[in-house]
Amino acid sequence: QVQLVESGGGLVQAGGSLRLTCAASGRTFSRYAMGWFRQAPGKEREFVGRISYNGGSTYYADSVKGRFTISRDNAKNTVYLQMNSLKPEDTAVYYCAADSNLYGSVSHRYYDYWGQGTQVTVSS
């Protein structure tokens with residue numbers, strides 16, 4: 001069992017930065033790949049990026065590539081999403097999720113555990 005809690009969301013102007021944090025409970029955090037997803041009002045949940053169980057591999061959606069960076073600290077049971085050069089279209093609720101597949105998936109259907117989400121709003 002893994003419980004996930006996101007934090008760090010808020011309101012930021014276009015071009016600004018935010019860092020989201022996802023804190024996990026449980027001693028098996030290092031056995032899970034971690035993913036970040038987002039969902040804007042009226043839209044489906046969208047893959048943002050994922051990081052492998054040991055942090056050695058990352059993969060991003062084209063829409064955020066070069067602007068967002070995922071990292072993890074297994075000693076702290078924490079995964080981060082650094083978001084730079086934010087755009088109004090990045091506005092959404094952001095979720096972290098844990099995938100028992102060591103390298104993670106781009107599909108939300110394969111993730112086993114989810115956080116409650118944190119709101120990110122980017123003003124123009």
Side-chain angles (χ1 to χ4, degrees):
Q1 186 86 8
V2 177
Q3 293 183 322
L4 304 172
V5 178
E6 302 97 334
S7 61
L11 174 64
V12 64
Q13 289 188 332
S17 298
L18 281 175
R19 188 176 81 158
L20 305 185
T21 298
C22 174
S25 65
R27 293 176 291 178
T28 60
F29 175 73
S30 61
R31 300 179 186 176
Y32 290 84
M34 297 298 296
W36 285 95
F37 292 79
R38 64 187 182 186
Q39 189 165 19
K43 295 188 176 181
E44 293 188 354
R45 191 162 297 192
E46 175 189 20
F47 170 78
V48 173
R50 64 98 177 121
I51 187 166
S52 62
Y53 72 106
N54 62 356
S57 172
T58 54
Y59 182 77
Y60 301 94
D62 287 344
S63 58
V64 306
K65 198 172 296 182
R67 299 188 298 122
F68 290 12
T69 302
I70 300 174
S71 60
R72 67 189 295 162
D73 185 339
N74 285 346
K76 295 182 178 180
N77 280 12
T78 303
V79 63
Y80 306 97
L81 178 64
Q82 178 67 45
M83 305 185 294
N84 299 328
S85 302
L86 282 161
K87 305 175 182 179
E89 51 263 44
D90 295 318
T91 295
V93 176
Y94 282 71
Y95 300 88
C96 67
D99 184 352
S100 57
N101 179 318
L102 295 179
Y103 288 89
S105 171
V106 300
S107 172
H108 63 87
R109 293 189 294 270
Y110 295 99
Y111 284 78
D112 305 288
Y113 302 102
W114 291 83
Q116 84 290 348
T118 186
Q119 177 71 46
V120 171
T121 303
V122 184
S123 63
S124 57

Backbone of Ser105 reached by a side-chain donor or acceptor of Tyr111 within 3.5 Å:
yes

Joint hydrophobic cluster, Val106 plus Tyr113, side-chain heavy atoms closer than 4.5 Å:
no

To the closest 0.5 Å, what do you measure between OG (Ser63) and CZ (Phe68)?
7.5 Å

From CZ (Arg50) to OG1 (Thr58), nearest 0.5 Å:
7.0 Å

For Tyr32 and Tyr53, what are the C-alpha separation, side-chain angles and deciding distance, and is it a side-chain contact (heavy atoms from CB on, under 4.5 Å)?
CA-CA 5 Å; Tyr32 290 84; Tyr53 72 106; over 6 Å; no

Val64, Val12: one ILVMFWY side-chain cluster at the under-4.5 Å cut-off?
yes

Are the side chains of Met83 and Leu20 in touch, meaning some heavy atoms are under 4.5 Å apart?
yes

Pair Arg38-Thr91, side-chain donor/acceptor within less than 3.5 Å
no

Distance check, rounded to the nearest 0.5 Å: Gln116 atom CD versus Glu6 atom CD?
4.5 Å

Roughly how far, to the nearest 0.5 Å, is the CD atom of Gln39 from the CD atom of Glu44?
8.5 Å

The single option from Asn74, Asn77, Leu102, Asn54 that satisfies side chain to side chain contact (heavy atoms under 4.5 Å, CB included) with Ser30 is Asn74

Aromatic Phe29 / basic Arg72 pairing, under 6.0 angstrom, 45° off normal
yes

Does the side-chain contact (heavy atoms from CB on, under 4.5 Å) test come out yes or no for Arg67 and Asp90, once each step is laid out?
CA-CA 11 Å; Arg67 299 188 298 122; Asp90 295 318; 2.8 Å; yes

How about Asp112 and Ser100: does a side-chain donor come under 3.5 Å of a side-chain acceptor?
yes

Check Asp62 with Lys65, please: is the shortest side-chain N to carboxylate O separation under 4.0 Å?
yes

Under a 3.5 Å distance rule, please check whether Arg45 uses its side chain to pair with a backbone N or O of Ser107 as donor and acceptor.
no

Say you draw a straight line from CD1 of Ile51 to CG of Asp99; how long is it, rounded to the nearest 0.5 Å?
13.5 Å

Tyr59 side chain to Gly104 backbone, donor-acceptor under 3.5 Å
no

Can you see which heavy atom on Phe47 is nearest to which on Phe37, and at what distance?
CA-CD2, 3.5 Å

For residues Ser124 and Pro88, report the shortest heavy-atom separation together with the two atoms involved.
CB-CG, 3.8 Å

Is there a side-chain contact (heavy atoms from CB on, under 4.5 Å) between Gln3 and Val5? Walk through the geometry before answering.
CA-CA 7 Å; Gln3 293 183 322; Val5 178; 5.8 Å; no

Which of Trp36, Tyr95, Tyr80, Tyr94 passes side chain to side chain contact (heavy atoms under 4.5 Å, CB included) with Cys22? Answer is Trp36

What's the spacing between Thr78 OG1 and Leu4 CG if we round to 0.5 Å?
10.5 Å

What is the minimum heavy-atom distance between Gly117 and Val93, and which atoms define it?
CA-CG1, 3.8 Å

